Structure formats: C-alpha cells, structure tokens
Colleague: 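Okay, handing you the structure first.
The structure displayed is predicted, hence computed values, not measured ones. Every chain is numbered from 1 and lettered A, B, ... according to where its sequence line falls, protein lines coming before strand lines. Below, all heavy atoms of this structure are taken into account, side chains as well, without hydrogens, waters or symmetry copies.
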Amino acid sequence: MTLDKNFDPAAIEARWYAHWEQSGQFRPERSEAEPFTIVNPPPNVTGSLHIGHALDNTLQDIVIRHERLKGKDALWVVGMDHAGIATQMVVERQMNEQQQKRTDFTREEFVEKVWEWKEESGGTITGQLRRLGCSMDWSNERFTMDEGMNEAVLKVFVDLYNDGLIYRDKRLVNWDPALKTAISDLEVETVDTKGSFWHFKYPLADGVTLDDGRDYIEVATTRPETMLADMAVAVHPTDERYQSVIGKEILQPITGRRFKIVADEHADPELGSGAVKITPGHDFNDFEVGKRAGFAAGDMLNMLDGEANVCQTSDGLVPDEYIGLHRFKKDGIKGARELVVQQMKEQGFLIPHVSKNKDGEEVEHDAEPRTIATPFGDRGGVVIEPWLTDQWYVDAETLAQPAIEAVKSGAIEIVPKTWEKTYFNWMENIQPWCVSRQLWWGHRIPAWFGPKKDGNRLITDQNNLDGLEIFVAQTEEEAIDLARTYYGPDYSVLSTNDRDIEMPDGMVHVSMDTGSLRSVMIHRDQDVLDTWFSSALWPFGTLGWPEKTKDLERHYPNDLLISGFDILFFWDARMAMQGIKMMGEVPWKRLYLHGLVRAEDGSKMSKSKGNVVDPLGLIDEYGADALRFFMAAMESQGRDIKMDDKRVEGYRNFATKLWNASRFCEANGIGGSTTLAAPEASLPVNRWIISEVVETLASLDKALGDLRFDAAANTIYHFTWDRFCDWYLELIKPVLQGEDAAAADETRAVAGWVLDQIIVMLHPFMPFITEELWHSMAAETGGRNYDLIVAKWPEPKAAIDTDAKAEVDWLIRLISATRTAKVELNIAPGTKMAAHVRDGDSNLQERIARQGSALDRVGRLESFSFDPSPEGATAQIVIDGATYVLPLAGAIDIDAEKARLNKAMEASQKEAKSLSGRLSNPNFIEKAKPEAVEKARADLAEKEAEAERLKAALDRLG
RNA sequence: GGGCGUAUAGCUCAGUGGUAGAGCACUUCGUUGACAUCGAAGGGGUCGGGAGUUCAACUCUCUCUACGCCCACCA
C-alpha cells in the first residue's frame, strides 16, 4: 500500500504544478493539431487573487485542460494589466508613507519607480494562479506595457487616428478632482446621496417684469456654487409664464454677470418653477443647452481648477473672496457652495423652503432636502466634476456597428444568450470613449503638438484647439517628418517631451527665431491612454500583432473568452470593436459570461464590509481541487454564486472518496490500465460499468460543449461516487475474492480501466489529485509513459449493453428493497436471509445464478428457492414481475410488514389510478403523441400488476 | 424612466410539456479489511400569487407581488 489513508492536497499540489510548468506541458508542442485558444483577462499588476479570479480562472482551466486532453494545440495566453490609475495610486501611496509625493520627482523618475515596484512586488497574483492549478502558458507571459503590446497600442492609435476614428475634442468630461484626470463614462458610479435643492431669485435686468408682476425668475439648483459660471436661464419654449421674458436679461446677483433668458426644451415646466439656470461649463445638460444657445465650447465659462477649487472665469467676474475656495466644504473650511448660499440669503435672493414639523408648525429651511443621483469616480471616490477640457476620443459609435453585427450574425456567440440584449443596448447607445488620462503611468499618447501655420506665420496663441497642429505617429522621428512636411523648408523642427504649462488644456509650443534660421518646437502629448485601450488589444496583441506571426495566424480568432459580466462593457465589448477593426475578424467565437461570487448571505463581497473570502485560505483548508470543483459545480448559467464553505468541504470529501477507492483498487491489484479502448468483458457487472462510462462520457462532453460547468461536474461526481464506489466496487468484491480466476482477471482489467477513465474525465476539474493517482496507480505496473495533463481523453467506442444494464439495475433494486425492508421491520442489516421466489421465470433464475455471490455478499440474500413459499411470517418484496418472499425467523411484527406492504400497494394503486384516468380521457388518446399514450399504457400495466402482487402478498399474511 | 435576472425541500441550488432532484442540514441504524472526510435506510416541497394556452403546465404566454442587478441628463 503506497497511498496514505487520507488525501493531503498540500503534499502534492506544489510538486505537480512545478513539474508541469518546468516540463513545458502547459503548452505541449502540437504544431499539427487543431488549435484552441483562450486569453486570460489580464489581472491588475496590483492585484491579488480574490474569489472572483478563482471562479473565472477555474472555468478557463477546465476548458483548456479538456481541450488539451482532446489533443488540441491548446493555448491559454496569460499576462498582467498595467492598471494605470490603480498602480499609480499604489506607488503614490507608498511615497506618501515616506513623506514624498509624485511631483517631487520628474515624470521619468516616477515612471522608473513604478517599473521598479512592478518588478519587485507586482504580480503576486501570478503565483496565486499557480496555486489554483491554472495551466496557462507562462513561457510567454505578457504585460500590457511590454514592448510588443506597446507597439501594438501605438499602431492602433495611429491607425485609428488616420482613419478619423480617434480625434481630439473640447467638451465636458468626467473629471476626477482627486486623481486629477479625466475618466470614461464607465468609470463613473452614480450613487443616490442626500442633498439639498435650493430655490433662488434671479433678478430680471432693465426693469423687466413677469406677467404676474414679479421682477425676478425663480430658479432651483442642487449645485448653487456653479452659479458663478452661469451663462443663461432656460425656460421651456411653450411655457406661458415666461413668454414675455424670453430674450430678456438676468442680472446675476453675486457676479453681476448679465445673461439672457433662452427658450430650450430641456427646461421642464413641471419641475420647480420651470426655469433653470444654465452653466454650460459645469453640467452635461447645460453644455448642450449652451451649444444650442450659440455658445462655442471655447467660450464657455470655467470656474474650477483641476482640484475643483474656484478660479477666476475668463470674464473676470468671480468675486475675489471665492478664488481658491473648494467647491464644497472641506476639512471644516467653508466652500464655494456654502458661501454662495450665504450671500444669496443675505442679499434676499434665497427663497426658503417651508415644511411642517411634527407638531404641525411651519418651519423655514434654506433648502429642500432631496435625494440626488451623484456621480462618483470609481477609483478616486470623490464627486466627479463635469469639466471642459481637450481630450482624445474614440469614435465608438462607428466601431460598434460591426461588433453589433458580429453578434447578430452569430460570428460571436454570447453564452448565456440573455446577455445579448444588454450588449446590444449598450453598443447601440454607445457614446464617444474618452481615452486620454492625465497620469504618468501608462501608454504615452503618440501625438505631438505644434503651432498652426497661417500663411508664412505661426500662430502663437495655443490655448485652444484651433491654434494647434497635431502630428500623430508611432515614433518621434515620424512625427518630426510629418511636421517638416507641414512647416515646409523654411523651418527646422525640434521636438520635446516636456511642456511649459500645466494640464489639462494648455498645449503650448515654443517657437523661436534664431537669426535667419527659424525653428519650430513640437511637443509630445503629456497624457497616457486608458488602461482598457490596451487591454482591448489583448486577443491579438499577445499573439505578436502587428507582426504576422505564426501564433497570430493559428490562434486568432480565439475560440472562447470567459469573463465576468461586470467587465462586459469595459473589456469584452471593446475587444470586439478593436479586434474586428484591426484584424478584420472577431476576437473570439464564443463569449461566456459568468456571475459574481457572493458572500454566504448573498451580499456582495467588499473589503469595507469585511466579508471577503480569501480563496487561498480555502485552498489551504480544503485543497485547490476542492475549491475548483466547488466553483464548477456551482456555476450554472446566468446566476451568481453564493459562497458555501460546507459545500467546498463536501468536494474535499469527494476527493478523499476517490482517493480511498483508489486505495482499494491498489490493494486488489487494480490500476494502471494501458488501453484506451474498454477491455473485453463477459460479466454483466463489468459490461454494465463500461456502459455507464460511455453514458457518463457522453453527457460530460455534452455539458462541457455547452459550457454547463455545473452539469459537467455533477455528472462526473455522481458517476464516481454513486455508480463506481457505491455499487461497482461493492459488486466486484466477491468476484475479486472468488475462485474464478478468469472472472477476477477480467474484473481487475475493467476496474482499472474505469478508474483510469474517471481520473481522466475528472482531471480538468481536479488536476492535482488526478495527476497523483494517474502515476501512483500505475506504479506497480511499470508507470506511465506520459503525464495525465497530456493524456488522451476517453473514447471507449463501446456500445451500450442493454442486457447488462437491465440485469445490474434489477440487482441494485432488489438489494436496495431488501435493505429497506430490513430497516422497516427492524431486522439487523447484517442478517443473512433466504429468499423464495414467486413468479420467477427461467430468465430470472439465470440472473440469480449469475449474481448469486453479489446477492449473498452485498445483498445478504444467501439462498434462493423457487419452491412454494414457506409457512409463517415473511417479508415480501415485489420487483418487476416477481415476488421475493423472505421468511423471518423469531418474533416478528406482522403488522409492521402489513403496513409496509399496504403503503407500497397504495402507492402503486395511486399511480395506476392516475394513469388509467388519463387513458380513459378520449382527448388524451386522440391528441397526445402516440409514444406518450404507449408509455402510459405500459406504465399502467406495470403498476396494476405490481399492485396486484402486493395485494397477493398482503393476503398471504392473512 | 428603460432593460435584465431570480422566486422549486430547513439552507444553497439543478431540472423537464406527461404526477419533482442534488449537496448540506435533520431522523434512525451501522467498528464485516477502500473510505466515519464513511456506509445503509428515511422524513421533508399544493415548484411565489392569479389568469390563459394545452388532452396534460413546475415546465409555454400574460399579469401581479417580492428581491437583486445594469443602463439613463431630470435642474
């Protein structure tokens, strides 16, 4: 006996993983084989393995191991994401701990430090993926900022720019004042927060009054501080109350700015007073209203700096006391919001909100309490400020069209299908994608800015887009070439990475006259690209694109992408768009979306709630195989997974069960089968189990093909435990220990083969224990020629043996019924009994003869007689057409047996009655499918016969 | 305001147009050489409510209710 009594995962996991990886078996050389490809969602370089990764990667590993076992050239691409914002934050946080900050360093120095951090402490997750057993191709591990990906990113940017699909635009962006960068729509999380709704009087200028005589318009706002940059008041064009004042002017009380009342359908007559203040530079709706009212983006007033502190507007009308104030109260210091409200109130322009207190008295408040959908940055955690800047945008709408078509045509299959609608809905309403980020860590945008040429002169005012010429090229040299062409022979072109003005919207060149030689300086864009811009290229960038590599040719499109639905828009959709655009083909043929792993109580796991389950802890406690099996068994399509430690424990027990079954086999000279095909078998029990393998394999392949991980796991689980361990191993014990050497040899061969099939079929789910058993089970017979990870997936090519199945099925039912009867009659389970068979035909006699030893050893039925039943107390069992009468020795509770038989009889009668009722309905006979009628008739006959036999049995008891 | 999902045994979840299943939990019994991380037997559900289609509905359609998620500019 070489296997220990209990399976200890920790003792084997690290050993096998290292062996697989070192021997290069995660990507065996199979250049002739059909390729199969998955790319792993690149985890953040700052990340550590959380339970969601465990699910995501387990599913991928199951698929890739299955395909590898089927002989394919299975490639699982792996790598990490540079995670721009997250990584920069980590490094900055470390600097803060040492009383340093990013701006203490030059950009180059800082980026260098991030690289150092990445080399030293980044990527702990890759070690953790190994612990989970994931068989990725580490030999070609990638990084979204490695040389190849960098080239791919630059090329994509340049190509899209040249196609007009990337452009620079001045418009409102979601600005994160904590991180001081623009972010995309997807990175904004809208959260309902408690806020206030203030009502103000905006005085009409020039003595104008409303029809009702009032000399002001009432406006309401949740953001009073922005009134420092108000440029209009809008009313609905059909709003009768305001018809006479459209086009008239307002005199804003705090700034003294005069602006017009405009008609715009944005104003909702039902809401508040029906008039709304318009601040085009600080509100997305107002921006649109402002444009309709004729303001150019460059003329819209801006009153906030990058940290959301008040700055002077271009018209200089913001009072001095506001300059430098934060937008809101911060660190106990009054913000612009509070000061605006205070001043408006002091000057009598605040309309108080009146409500009744609990005593029914009217009370005045400054503002009406209100729930406000407030945008927060998903990383920085502060309120997003709509801010007017120049940024780079991807024309997502154009790119989305073929990506929509790909799903509609079936070129991409989304599994489960319910996600299609979400995908379409988002793609069809997609907005321009802001891809520039004001960070230091990331792919620097390959664009250089220089002054526009006006005739023979250069425009020196570079503070807006119109004065800038943009040169987009993959390299500085190419950019300079472009610039030379643009400026012509009169200028020499210099370039620089620096710039002399702070972000975000300063893009200033330096030009100089040096005597007779005129030179012009172009400088590179300071910004980097959104991390998701580079990860969108993952399916082809990792395969060598833009080089035309063999890998690219063989492995693009990928076969499958597995991802959580939470990154459907962030990543999957963008991969679809970029893949189709750059490669002309979809990135993957199937897209499988799984849900979230939730805490036991169903809540979302989060660090702040403290309910995060550490997958590594689970691996320590139960083993990686058990955790993986849990993930697979719980993964049903379209539903989240609730964490359940007891269930993980259950699959640990399953591993132990298989381990012990293997020990039994080992002790009986079973194991190390060398044949792929099922051995020849004559014994029904062996023919039966071979048939069971064939059926199990079919449903397992079906489930895996359909990406039904739960069904696949359950199939192999129940075959192993219920069929193989509980019945087959029990039924063969008498054969192995019997005198028929040929039968025992056959049984050892079959049992060894079946165990092999289990080990192979289970390997994608439980790679460690199966690899261990694969080798240890063959230790006695000379070992294996290859490791299980690259073994052959079963192809038994055996037919289903219906005779053997019927016989073993009968055997199992007879033994089970005997056990039940014993328990119900309070007979010790081990008691051996004799059976008298009524209505048994010759076929049954032969079965009983064949199965005599199993009936004796497993069923405790030591003898059978076909003589008339004995006198006295008996227990009676009806199986199929025969009744088995078991004489009971000693004092026996006749009433208990009567009750038992009665219960069984009633059950049969009830079913028979239901069936006959259905059959007596002419509509059923007429309209139901013939097979259904046929089956009902057969079932009825069987149930009636059974009921009769049970009645006869009852009658015999008197 | 749209869109989606889920409601089946005490718990967590599968499931099929023809009278419901698993794991855990629970009850009873069990030290016969694979396994107590186990074995045997068992209890437990009018499949969220209502209506419709059908010979037949847990399964299809509609509707209601509850919970969850995503998207959306209501100041």
Side-chain angles (χ1 to χ4, degrees), chain A residues 1 3 5-7 185 190 197 219-223 226 234 266-268 270-279 283-289 370 372-373 386 416 418-419 421-422 424-426 429 565-566 568-569 595-596 598 600 602-604 622 626 630 633-634 636 638-647 649-668 708 710-711 714 717-718 722 725-726 729-730 733 815-816 819-824 826 828-830 857 910-911 914-915 918 921-929 931-933 935-936 939:
Chain A
M1 183 79 63
L3 294 175
K5 189 172 174 188
N6 283 323
F7 169 53
D185 296 348
T190 307
F197 197 43
V219 295
T221 181
T222 56
R223 297 214 54 195
T226 62
H266 166 67
D268 180 356
E270 304 293 314
L271 193 66
S273 65
V276 57
K277 72 186 209 54
I278 300 297
T279 319
D283 182 280
F284 288 103
N285 288 313
D286 294 3
F287 181 78
E288 298 302 324
V289 176
R370 195 180 178 114
I372 301 168
T418 48
W419 283 104
K421 210 160 188 169
T422 306
F424 289 138
N425 187 49
W426 189 71
N429 295 294
F565 66 73
D566 53 328
L568 173 60
F569 305 146
L596 255 50
R598 296 179 168 277
E600 297 224 22
S603 63
K604 215 167 164 174
Y622 302 110
F630 167 79
M634 297 306 288
S636 65
R639 194 194 263 270
D640 287 344
I641 291 178
K642 273 187 198 137
M643 204 50 229
D644 182 356
D645 284 13
K646 293 293 285 183
R647 193 130 180 173
E649 183 183 334
Y651 293 124
R652 188 272 318 265
N653 295 351
F654 174 57
T656 305
K657 184 75 181 176
L658 174 66
W659 186 262
N660 280 305
S662 302
R663 289 177 64 224
F664 170 79
C665 290
E666 187 182 45
N668 284 279
R708 285 307 309 250
D710 56 342
N714 286 327
Y717 177 95
H718 285 113
D722 302 347
C725 291
D726 286 350
L729 291 185
E730 292 306 321
K733 280 177 183 174
I815 292 172
S816 297
R819 286 170 175 169
T820 305
K822 278 182 180 168
V823 170
E824 287 177 355
N826 245 327
R857 171 84 181 263
K910 193 181 159 203
E911 284 192 44
S914 159
L915 286 163
R918 196 189 305 167
N921 179 347
N923 283 326
F924 177 66
I925 307 291
E926 208 175 303
K927 296 182 181 170
K929 283 178 294 191
E931 310 92 84
V933 177
K935 184 171 185 308
D939 288 352

Colleague: Using atom C1' of each nucleotide, how far apart are B/G68 and B/G48 to the nearest Å?
Modeller: 15 Å
Colleague: Given the P atoms of B/U59 and B/G50, what is the spacing between them in whole Å?
Modeller: 12 Å
Colleague: Suppose we call a contact any N or O donor and acceptor under 3.5 Å apart; does that hold for the side chain of A/E730 and the base of B/A40?
Modeller: no
Colleague: Tell me which nucleotide among B/C24, B/C71, B/C74 gets nearest to the side chain of A/F569.
Modeller: B/C71
Colleague: Nearest to the side chain of A/K421, which nucleotide is it out of B/C55, B/C70, B/C4?
Modeller: B/C4
Colleague: Looking only at atom C1', what distance separates B/C24 and B/G18, rounded to whole Å?
Modeller: 31 Å
Colleague: Under a plain distance cut-off of 3.5 Å, with no hydrogens placed, do A/R663 and A/N660 share a side-chain donor-acceptor pair?
Modeller: yes
Colleague: Less than 4.0 Å between a side-chain N and a carboxylate O, is that true for A/D640 and A/K642?
Modeller: no
Colleague: Nearest of B/C35, B/G23, B/A41 to any side-chain atom of A/R647?
Modeller: B/G23
Colleague: Please determine whether any donor N or O and acceptor N or O are separated by less than 3.5 Å between the side chain of A/R652 and the base of B/U37.
Modeller: yes
Colleague: Of the nucleotides B/C55, B/A75, B/A34, which one has an atom closest to the side chain of A/N923?
Modeller: B/C55
Colleague: Under the side chain to side chain contact (heavy atoms under 4.5 Å, CB included) criterion, do A/F569 and A/T422 qualify, and how do the steps go?
Modeller: CA-CA 10 Å; A/F569 305 146; A/T422 306; 3.6 Å; yes
Colleague: Which nucleotide in the set B/A34, B/G39, B/C73 lies at the smallest distance from any side-chain heavy atom of A/N285?
Modeller: B/C73
Colleague: At less than 3.5 Å, do the side-chain atoms of A/K657 and the base atoms of B/C35 form a donor-acceptor pair?
Modeller: yes
Colleague: Roughly how far apart, to the nearest Å, are B/A72 and B/G2 at atom C1'?
Modeller: 7 Å
Colleague: Rounding to an integer number of angstrom, what distance separates B/U65 and B/U53 when you compare their C1' atoms?
Modeller: 23 Å
Colleague: Once you round to the nearest 0.5 Å, how far does CG of A/N285 lie from NE2 of A/H266?
Modeller: 4.5 Å
Colleague: Which nucleotide wins on minimum distance to the side chain of A/R708, given the candidates B/G15, B/G18, B/A34?
Modeller: B/G15
Colleague: Nearest to the side chain of A/A267 - B/A75, B/C55, B/A22?
Modeller: B/A75
Colleague: For the side chain of A/K642, starting at C-beta, report the closest nucleotide among B/A34, B/C13, B/A36.
Modeller: B/C13
Colleague: Give none if B/U31 has no partner; otherwise give the nucleotide forming a Watson-Crick or G-U wobble pair with it, both distances under 3.5 Å.
Modeller: none
Colleague: Do the rings of A/W419 and A/F565 sit parallel, tilted or perpendicular, given the 30° and 60° boundaries?
Modeller: parallel
Colleague: For B/A75, take OP1 and OP2 only and decide whether either is under 4.0 Å from a side-chain N or O of A/K277.
Modeller: no
Colleague: Checking base pairs now: Watson-Crick or wobble, both atom distances under 3.5 Å. What partners B/U59?
Modeller: none
Colleague: Taking the same atom, P, in B/A20 and in B/U28, what whole-Å distance lies between them?
Modeller: 28 Å
Colleague: Using the C1' atom as the point on both nucleotides, what is the distance between B/C35 and B/A40, in whole Å?
Modeller: 15 Å
